[in-house]
Amino acid sequence: MSPGRYFRKVLRAVSRDKMKQGRRALRMDDRRYVATKHSCPSCGKPVDDGDLAVNLFVCPHCGHHYRISALERIKTLMDGGEISEFSADVQPVNPIDFPEYTEKLRQAQEKTGIDEAITTGVGRIEGRQAAFALMSFKFLGGSMGSVVGERLARAMLYAADQAMPCIIFTASGGARMQEGIFSLMQMAKTSHTAALLAEAGQPLIVVLTDPTTGGVTASFAMLGDITLAEPNALIGFAGPRVIEGTIRQKLPAGFQRAEFQKDKGFVDAVVPRSELRSTLAYLIDVHSRGGAKP
Amino acid sequence: MSPGRYFRKVLRAVSRDKMKQGRRALRMDDRRYVATKHSCPSCGKPVDDGDLAVNLFVCPHCGHHYRISALERIKTLMDGGEISEFSADVQPVNPIDFPEYTEKLRQAQEKTGIDEAITTGVGRIEGRQAAFALMSFKFLGGSMGSVVGERLARAMLYAADQAMPCIIFTASGGARMQEGIFSLMQMAKTSHTAALLAEAGQPLIVVLTDPTTGGVTASFAMLGDITLAEPNALIGFAGPRVIEGTIRQKLPAGFQRAEFQKDKGFVDAVVPRSELRSTLAYLIDVHSRGGAKP
Amino acid sequence: MKAEELRSKLQELQELALRENIDIGADINRLADKLAGGDETAWRRVELARHQDRPTALQYIDLMSDRYLELHGDRTFGDDPALVGGIATIGGVHFTFLGHQKGHNMKENLHRNYGMAHPEGYRKALRLARQAERFRRPILTIIDTSGAFPGLASEERGIGEAIARNLREFSVLRTPIICVVVGEGGSGGALGIGVGDRVYMLENSVYSVISPEGFASILLRDAKKAQQAAGLMKMTAPDLKGFGIIDDIIPEPVGGAQSDHQQIAGRVRQTVLAAYQELARKRPDQLLRDRSARLLSLGRFTEKPVGRQSSLLSRLFGGGS
Amino acid sequence: MKAEELRSKLQELQELALRENIDIGADINRLADKLAGGDETAWRRVELARHQDRPTALQYIDLMSDRYLELHGDRTFGDDPALVGGIATIGGVHFTFLGHQKGHNMKENLHRNYGMAHPEGYRKALRLARQAERFRRPILTIIDTSGAFPGLASEERGIGEAIARNLREFSVLRTPIICVVVGEGGSGGALGIGVGDRVYMLENSVYSVISPEGFASILLRDAKKAQQAAGLMKMTAPDLKGFGIIDDIIPEPVGGAQSDHQQIAGRVRQTVLAAYQELARKRPDQLLRDRSARLLSLGRFTEKPVGRQSSLLSRLFGGGS
Ligand SMILES: [Zn+2]
Ligand SMILES: [Zn+2]
């Protein structure tokens, strides 16, 4: 891969863009966590909501890793529980005039308290800075439309320009079909910015979380220099039901899970949430200043 | 792969070398082909020796491609039935003082009428020039020792320097074990010159013939930009008997044959001997002058 | 009823034109579109795009080229008959071609897996594309698939990774890439050889994020509403031209591409060679910058404070989409 | 008989030295060699090289590094437990490490396939090596295999191609590569991660074109003559040092590397870091030129008219081997 120097212009322009991007500190409103109980979706045992947040949203009984949104990820991963968000102004439209899409977006925003299926910004882990992109499955199934693509593209180009790693947490059911062909094209766009990031010599670190399927899996999610996954995360292109429809039989247990994908060669390491901060900090260190100094 | 400009020095040096390489025209002595008959090793039907040479050493009854030596290849493939041979002065020694190796070499030379398991030189096909390296299985099983490695290296570097394709016909049982570790290291040497050839922008075209196994398969034989194979040629790293020893059962029919290797993704096309000249001429054309001119 | 009658009249007209060798295909098709209206037009095109007599990738290559040589294998696992590739000399220019390969009948389709490729198909494509870059051959891709194969083996060997890697690598290959959607442009499987400097669609081809059937079953919760879905999805060549996703539409012969292979192959050849002439004039850095701009401009959104649609592209290269 | 007696005395001496923590291992080993004579010495080393208590690749990495992270998979087909890799920080330097991984017992060896890798192992190695180049990490390879796995699946997925590609790519990677043969250096399977700027062998390791058993069965026509073959093949560290194939020999503790993991890991660490300091001073072009010279110089032959041994190298770089 040798795109030459043409990408410099891209980076310079993004750098200019950064100046007016209206960054804002983003952190979770902790008041939502009241001490009520629910049953763990994996083991069924009673779990206290408040305890769960403290325990990184991992079931204290069985170790089940709950699906978490960008805000919860920020709270549990980042130094100070916050990031400096950018691209917040980038907001969805209805590009193919799909019936009720605008209304559906508004409802999702109201219901989830987040504005799109991805949140991007700069943050720190154990003092090390990186650009982050955090997907939220609960926002329309983490589907990738134009906003997800644009925010991802900007996050990668920002990392390239500012010489820092880009760390992406994926969680997606696939393309935002209501945006038609535009949603498909986000695969090409985000994969291209991954190439530009590589050209700039900065690492793309991907953390696959449950679930990561469809167009996201067939683009940036599989383009990490380092690819980590949370335990038991479902990772695939075609979803299990689609495959079962093709082969007309049930899938074997564990198929497409993180551990399976590691055996099949697509995941570097399965990392429990409790070890994520330490592992990511080491990886940022390793890739700092272009590598080795004795 | 970007070794930079360091290889220029290599090429310049080889270019100087070329001046004193004592090239000589090499062609087969046709008198050896007297009109006697034998049975085709594949179909068992009677074949006339003289007819066989005219028919490109392909059985007129069943299409069986006979194993042929460098001299027979030159006769049937090259314009005028000859090449301008180089590196003829490069001759074997006994590097690890292996008992009776020197004697064995002498016997092989006497018996086969060729001096080593490879013959290299410049020749033409339908008027197009290329550097050629032609292996002879009948010379100690086409085994690769220091001379095979050095002649191959020079052929590739010559092609790189003179801006022409390098076309290799393989036929080998593997490493020349009598040369010990030196025979293993020819794999590294020839693979490296394949990298230098690629760096120079010239194609490596490999034609796999029966049989190609062992260290040759794990080096230059598998490094062609274009990889052709003769029908039914046996191609593999471990030989069939070694594998049968490992798995303790008979191999399936067709295993490791040219058509199998095409299905497995390692051969671009299986080309009958009758179509080789035309196919190679097209491939030389396609790769001339750095590609497309409208 | 009235539409039905008009359509049968049109059919007669088409057949007449075909018999008399008058090229009025594009006009007739446009007329038919107008008569049919949204959903119906789209669905008619889906059916035409899937017509089993349409020329396949290798037929296009055969009809377009002076000589060609198919090359096989991904050098890792296998050779995928559903995605073919090789070298073709078209109008004196040596191209590396890649294409989804469907069959014309059941037997061929079983061999070709209905043009639904496995990972090794995309990896073969990448191998040949890199070879093209190394030897400075332009690349021609012929897109015709309902999608990558959604099966067990395909997933096990990383169909997602294979497509993703192609998207990244094709986006920065230092050689011109020309893509033509000749039938179905289905989802990531189509895009896997669909990133290029020029993208064309045949008049009756379609290009979409998912099949109309899939779309209907997921978003309309009824797989039988595929016809309606086809309209909602905006997947026809004119739709995509309107969105600025493709460069141009290649008109088909009367009745569709299947009715005159020679003619449509000639038009594709003409379009591809003209595009190549244009692209060959660009220096590699310019080629890549333009491709980059094209890719970065994909997507529609708003930036609230400014109150207008915008994209990275407009700020980067001063253009806009 | 006399040799037997002497050896038992030596054994006592070794044990004493070990107990008293006196480092006389290398001297004792040399003494043992002299007493034993050719074939026997070589065979003793083959046995030591295969000793199942010798440290494995991951043990070396664990003992040598401040921190490390194993990375998995070839991104195409699978992850091979017989060939491991990852990132290790050794003396503050971030290395990409690669190594054949054997087990210490039957269960581990079944999982690790006795350190005999499949194609996906070599492809993982290449993936990580390219990553190392991209992020300017030096590469450390730990060689310990009787050979690539000669099985059905290994052949089907192109073990020959996988090794060949590594040989080519490693020969031109723009980052320092340091190789250490710690046990068995068997054939192409060893060489598949054995092309580098510095190659070291542990004192009792071996490196050869084929196993002594294979050599015996083919050239001596009797698989049981492995001991004799080991001598004929010239496969010990001193042999290879004498041939100029390796750079240096790392002395083992008394009795062999298995008797003191900590100590041998410390020596390997020291050697690797010293080599890295040297290589890090070279500009990339110089590094590659030197590696190229090393590779082109491999082989011994004569050029008749001049009547002396010669190689490409002597004419290219003015040196000679
Ligand atoms: Zn639980
Ligand atoms: Zn016959």
Side-chain angles (χ1 to χ4, degrees), chain A residues 1-7 9-10 13-14 16-17 22 89-93 95-96 98-99 146-147 149-150 153-154 157 175 177-178 180-189 191-196 199 215 217-223 236-238 242-243 246-247 251 256 264-266, chain C residues 148-152 154-165 167-169 171-172 174 187-188 190-192 194-195 207-210 214-215 218-219 232-235 239-240 243 245 284-286 288-289 291-292 295-296 298-306 309 311-312 315-317:
Chain A
M1 188 195 327
S2 58
R5 275 150 198 84
Y6 78 97
F7 80 101
K9 190 172 177 186
V10 178
V14 172
R16 262 182 279 129
D17 177 55
D89 300 336
V90 175
Q91 291 291 331
V93 296
I96 67 165
F98 192 79
S146 298
V147 170
E150 179 77 6
R154 291 189 188 189
L157 294 176
M177 281 177 239
Q178 296 91 339
I181 196 72
F182 290 102
S183 67
L184 181 67
M185 293 298 155
Q186 302 314 305
M187 292 168 60
K189 180 174 181 168
S191 300
H192 176 56
T193 50
L196 298 178
E199 174 68 17
T217 296
S219 57
F220 61 91
M222 284 293 141
L223 295 176
F237 180 46
V242 176
I243 303 170
T246 306
I247 65 172
L251 290 169
Q256 292 185 319
K264 294 299 175 191
F266 300 102
Chain C
F149 188 65
L152 219 69
S154 188
E155 286 291 324
E156 280 181 353
R157 296 198 291 273
I159 184 68
E161 193 278 346
I163 292 173
R165 205 189 310 194
L167 299 182
R168 183 182 67 193
E169 299 295 305
S171 83
V172 290
R174 297 180 75 82
S187 182
L191 195 59
V195 169
Y207 200 174
S208 59
V209 65
I210 187 174
F215 189 92
I218 296 172
L219 283 192
L232 285 172
M233 290 169 75
K234 311 244 165 70
M235 65 193 289
D239 290 329
L240 269 77
F243 292 144
I245 300 281
D285 269 11
Q286 186 61 42
L288 286 185
R289 191 146 70 189
R291 195 186 306 153
S292 190
L295 293 167
L296 293 177
L298 294 167
R300 291 200 175 172
F301 52 87
T302 177
E303 280 198 270
K304 273 191 174 155
V306 200
Q309 289 199 13
S311 81
L312 265 181
R315 250 150 306 124
L316 293 181
F317 302 103

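In the text below, chain A, chain B and the rest are named by the order of the sequence lines, each starting its count at 1. The shown structure was predicted, so the numbers you read here are calculated from the model rather than taken from an experiment.
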Visitor: Can you name the residues that form a ring-ring contact (aromatic ring centres under 6.0 Å, His included) with C:Y207, not counting sequence neighbours?
Guide: none

Visitor: Keeping the roles fixed (side chain from A:T246, backbone from C:P150), state whether a donor-acceptor pair exists under 3.5 Å.
Guide: yes

Visitor: Name the region of A:I96, side chain, backbone, both or neither, that has any atom closer than 4.5 Å to a heavy atom of chain C.
Guide: both

Visitor: Just so I know, are the side chains of A:H192 and C:V172 near enough to count as touching, which here means a heavy-atom distance under 4.5 Å?
Guide: yes

Visitor: Closer than 3.5 angstrom, by distance alone: can the side chain of C:E155 be matched with the main-chain N or O of A:A238 as a donor-acceptor pair?
Guide: yes

Visitor: Does C:L296 form a side chain to side chain contact (heavy atoms under 4.5 Å, CB included) with A:T193? I'd like the steps, not just the answer.
Guide: CA-CA 8 Å; C:L296 293 177; A:T193 50; 3.5 Å; yes

Visitor: What part of C:L232 gets closer than 4.5 Å to chain A, counting heavy atoms only: side chain, backbone, both or neither?
Guide: both

Visitor: Where does A:F237 contact chain C at under 4.5 Å (heavy atoms): side chain, backbone, both or neither?
Guide: both

Visitor: Less than 4.5 Å to any heavy atom of chain C: does that hold for the side chain of A:P95, its backbone, both, or neither?
Guide: both

Visitor: Distance-only, no hydrogens or angles: does the A:S146 side chain make a donor-acceptor pair with backbone N or O of C:G299 under 3.5 Å?
Guide: no

Visitor: side-chain hydrogen bond (donor to acceptor under 3.5 Å, both in side chains) with A:Q186: which residues, sequence neighbours excluded?
Guide: none

Visitor: Where on C:A148 is there a heavy atom nearer than 4.5 Å to chain A: the side chain, the backbone, both, or neither?
Guide: side chain

Visitor: Over all heavy atoms of both residues, which pair between A:L184 and C:G188 is shortest? Give the atoms and the distance, please.
Guide: CD1-N, 3.6 Å

Visitor: Are any non-hydrogen side-chain atoms of A:M185 and C:L191 less than 4.5 angstrom apart?
Guide: yes

Visitor: Using atom types as modelled and distance alone, determine if a side-chain donor or acceptor of A:K189 lies under 3.5 Å from a backbone N or O of C:L295.
Guide: no

Visitor: Side chain, backbone, both or neither: which part of C:R157 has a non-hydrogen atom closer than 4.5 Å to chain A?
Guide: backbone

